[in-house]
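As the structure is a prediction and not an experimental result, all values here were calculated from the model.
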Amino acid sequence: MSRYIIDKSKLIENIKIIKDKAGVEVIGVVKGNGYGFGMCELAEILMQNGINTFAVTEVYDVPLLRETVMDRDILVMRSTSIEEEAEIIAQNDCIATIGSLSAAEVMDKVSKKLNKKTKCHLKIDTGMGRYGFLPSNVENAIKCYDFENLDFCGAYTHFSSAFHNAELTKAQLEMFKDTIEQIKKAGKNVGILHAANSPALLNVDGVTLDAVRIGSAFTGRVITKGKNPLNRLGELQAEVIETKTVPKGYSIGYNGEYKTKRETKIAIVPIGHFDGFGLQKGKETADFHSVLSQFKHYLQKQHLTVNVNGKEYNVIGEIGLSHTAIDITDSDVKIGDIASVEISPLMVNPNVPRIYK
């Protein structure tokens with residue numbers, strides 16, 4: 001059976017590196033099933049290592065995360081005008097994101113019905129183009145502070161290009177600061193301010209403010225301009241379940257596109273597309289370099305490898321839904337040996353067990 005192995009001690013090293021680098025409060029972002037590491041498993045380790053505020057984007061994650069982090073703060077990074085979603089956020093004592101007047105109206109209405117005040121963070125859109133008030137519409141942002149059942153305790157923005165454009169990131173930060181100053185001049189208490197995500201923390205100086213929001217950096221899989229000190233974590237493992245020898249010219253895998261060039265000994269590993277192997281995470285940018293990288297990946301797809309006993313073996317034939325064949329000719333690979341592949345946790349099927357060692 002396949003499983004995704006995460007080195008717990010190296011994860012703890014990553015947490016320490018990030019905390020030291022930030023020098024301010026670290027908000028642990030555990031969206032996307034904890035960036036593929038398991039939402040609750042990752043949150044538990046983050047708590048054990050001094051992180052006490054968490055963030056998700058999907059409202060359906062809230063009840064389960066609340067059970068795990070108990071009375072710690074949960075920021076829901078979604079400005080929603082859907083009443084049912086607002087109720088889940090308020091009922092679970094989360095911090096709501098308010099990025100529009102309609103979101104404020106709905107959250108205020110729900111909070112009044114539940115007879116509670118809901119903590120909120122104001123969202124300013126400085127160029128991401130999703131949730132948040134435009135700086136030119138700061139008047140409406142200021143109006144949100146007057147709702148009786150909303151308790152604003154923070155404000156934030158989101159950088160769009162911190163992995164490759166420091167100047168744009170700094171410009172977004174200045175735009176955010178200018179907007180916040182206008183809100184302060186209107187007599188409103190903005191609370192804790194945060195803007196930096198993982199790429200911003202590692203690539204751009206002077207962006208930390210009062211807190212940073214970190215997710216991908218915990219896994220060590222974050223886009224940086226140069227080498228970073230983080231441990232790159234996670235590998236998919238399974239045992240070799242079968243070996244056999246086939247003659248020269250024998251077809252391997254679907255479509256018969258691959259034919260052996262000699263008598264070949266093969267091993268079957270129960271890892272395939274269903275597990276996430278052979279899939280590629282899409283790039284967040286579509287510049288020339290990323291397009292070229294994907295083209296190279298396509299050309300080199302036939303050279304995918306699987307590691308067995310510390311040695312890389314070529315994948316032969318098409319990767320199947322649940323199985324992959326590798327060429328182990330002239331090796332001592334045997335049934336039961338551990339096979340592993342390097343793969344982004346975001347690509348791993350959520351049903352594959354995450355095992356911390």
**Study point:** CA sep, side-chain torsions, deciding dist, call: Glu181, Lys184, salt bridge (charged side-chain N to carboxylate O under 4.0 Å, His left out)
**Key:** CA-CA 5 Å; Glu181 282 305 310; Lys184 286 181 178 178; 3.7 Å; yes

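- Nearest heavy atoms, Ile89 versus Ala96: CG2-CB, 3.9 Å.
- When side chains are defined from C-beta on, Ile45 counts as touching Ile15, because their heavy atoms get closer than 4.5 Å.
- Hydrophobic clustering, with ILVMFWY side chains joined whenever heavy atoms are under 4.5 angstrom apart, keeps Val306 apart from Ile5.
- Lys259 and Ser251 make their closest contact through NZ-OG, 3.5 Å (heavy atoms, listed as atom of the first residue, atom of the second, distance).
- Counting non-hydrogen atoms of other residues, nucleotides and ligands closer than 6.0 Å to NZ of Lys188 gives a total above 12.
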Practice item. Would you sort out whether Arg232 and Glu342 count as a salt bridge (charged side-chain N to carboxylate O under 4.0 Å, His left out), showing the intermediate values? Key: CA-CA 10 Å; Arg232 187 178 173 88; Glu342 216 281 334; 3.2 Å; yes

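- Screening Arg213, Glu25, Arg72 against Thr53 for a side chain to side chain donor-acceptor pair (under 3.5 Å) leaves a single residue, Glu25.
- Side-chain contact between Ile18 and Leu201 is present, with at least one heavy-atom pair separated by less than 4.5 Å.
- For the pair Thr260 (side chain) and Tyr250 (backbone), a donor-acceptor distance under 3.5 Å is present.
- Under the 4.5 Å side-chain contact rule for hydrophobic residues, Ile180 and Leu173 share a cluster.
- In terms of modelled atom types and a separation under 3.5 Å, the side chain of Ser79 and the main chain of Gly99 share a donor-acceptor contact.
- A side chain to side chain donor-acceptor pair (under 3.5 Å) with Thr126 holds for exactly one of Gln172, Lys177, Glu174; it is Gln172.
- With respect to the salt-bridge test (charged N to carboxylate O, under 4.0 angstrom), the residues Lys112 and Asp108 do not qualify.
- With rounding to the nearest 0.5 Å, the separation of CE in Met70 from CG in Asn52 is 9.5 Å.
- Remark: side-chain polar atoms of Arg130 are not paired, donor with acceptor, to backbone N or O of Asp125 under 3.5 angstrom.
- For Tyr156, the ring pair (Phe, Tyr, Trp, His ring centres under 6.0 Å) criterion is met by His194, not counting sequence neighbours.
- Separation of atoms CZ (Phe152) and NZ (Lys117) is listed at 10.5 Å; rounding is to 0.5 Å.
- In this structure, CG in Leu11 is found 15.5 Å from NZ in Lys357, a value given to the nearest 0.5 Å.
- Two residues are said to be in side-chain contact when any heavy atoms from C-beta on lie closer than 4.5 Å; Tyr4 and Ile355 fail this criterion.
- You'll find the side chain of Leu233 reaches within 4.5 Å of the side chain of Phe37, heavy atoms only.
- For the residue pair Asp275 and Asn349, no side-chain donor N or O sits within less than 3.5 Å of a side-chain acceptor on the partner.
- The line from NE2 of His164 to OG1 of Thr169 is 8.5 Å long, rounded to the nearest 0.5 Å.
- In terms of heavy-atom proximity, Gly278 sits nearest to Leu304 at CA-CD1, 4.2 Å.
- Looking only at side-chain heavy atoms (C-beta outward), Met107 and Leu150 come within less than 4.5 Å of each other.
- Listed here is the closest heavy atom pair of Ala200 and Val207: O-CG2, 3.7 Å.
- Asn228 pairs by the side-chain contact (heavy atoms from CB on, under 4.5 Å) definition with Val222, Thr224, Leu230, not counting sequence neighbours.
- Both Val315 and Leu279 are members of a single hydrophobic cluster when ILVMFWY side chains are connected at heavy-atom separations under 4.5 Å.
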Exercise for review: Starting from the C-alpha separation in whole Å, work towards a yes-or-no answer on salt bridge (charged side-chain N to carboxylate O under 4.0 Å, His left out) for Asp205 and Lys170.
Suggested key: CA-CA 9 Å; Asp205 293 330; Lys170 289 177 180 177; over 6 Å; no

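- Between the side chain of Asp327 and the backbone N or O of Ile266 there is no donor-acceptor pair closer than 3.5 Å.
- Summarising the local packing, CG of Asp20 is surrounded by more than 12 heavy atoms from other residues, nucleotides or ligands at distances under 6.0 Å.
- Legend: residues meeting side chain to side chain donor-acceptor pair (under 3.5 Å) with Asp330, ordered by chain and number and at least two apart, are absent.
- Every side-chain contact (heavy atoms from CB on, under 4.5 Å) that Glu41 has, sequence neighbours left out, goes to Tyr356.
- Using a 4.0 Å cut-off between a side-chain N of Lys or Arg and a carboxylate O of Asp or Glu, Asp337 and Lys334 qualify as a salt bridge.
- Considering only heavy atoms from C-beta on, Cys144 comes within 4.5 Å of Leu101 through its side chain.
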Exercise for review: List the steps and the verdict of salt bridge (charged side-chain N to carboxylate O under 4.0 Å, His left out) for Lys116 and Asp93.
Suggested key: CA-CA 9 Å; Lys116 60 168 57 182; Asp93 297 316; 2.8 Å; yes

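- Once rounded to the nearest 0.5 Å, the distance linking CG of Asn14 with NZ of Lys19 reads 13.0 Å.
- With sequence neighbours left out, Glu83 forms a side chain to side chain donor-acceptor pair (under 3.5 Å) with Lys109.
- Hydrophobic cluster membership differs between Tyr131 and Val56, with clusters built from Ile, Leu, Val, Met, Phe, Trp and Tyr side chains linked at under 4.5 angstrom.
- For the pair Glu58 and Arg78, the salt-bridge criterion is met [side-chain N within less than 4.0 Å of a carboxylate O].
- Residue-environment remark: CD (Glu263) stays at or below the threshold of 12 foreign heavy atoms within 6.0 Å.
- A single hydrophobic cluster is not seen to contain both Tyr254 and Phe274; linkage of ILVMFWY side chains at heavy-atom distances under 4.5 Å, directly or through other members, places them apart.
- Taking OG from Ser340 and CD1 from Ile338, the interatomic distance works out to 9.0 Å, rounded to the nearest 0.5 Å.
- At a threshold of 4.0 Å, the pair Glu87-Lys113 counts as salt-bridged, since one of the basic side-chain nitrogens sits closer than that to a carboxylate oxygen.
- Scanning for side chain to side chain donor-acceptor pair (under 3.5 Å) contacts around Thr57 gives an empty result, with sequence neighbours left out.
- With a 6.0 Å radius and a threshold of 12 heavy atoms from other residues, nucleotides or ligands, Lys16 has its NZ atom at or below the threshold.
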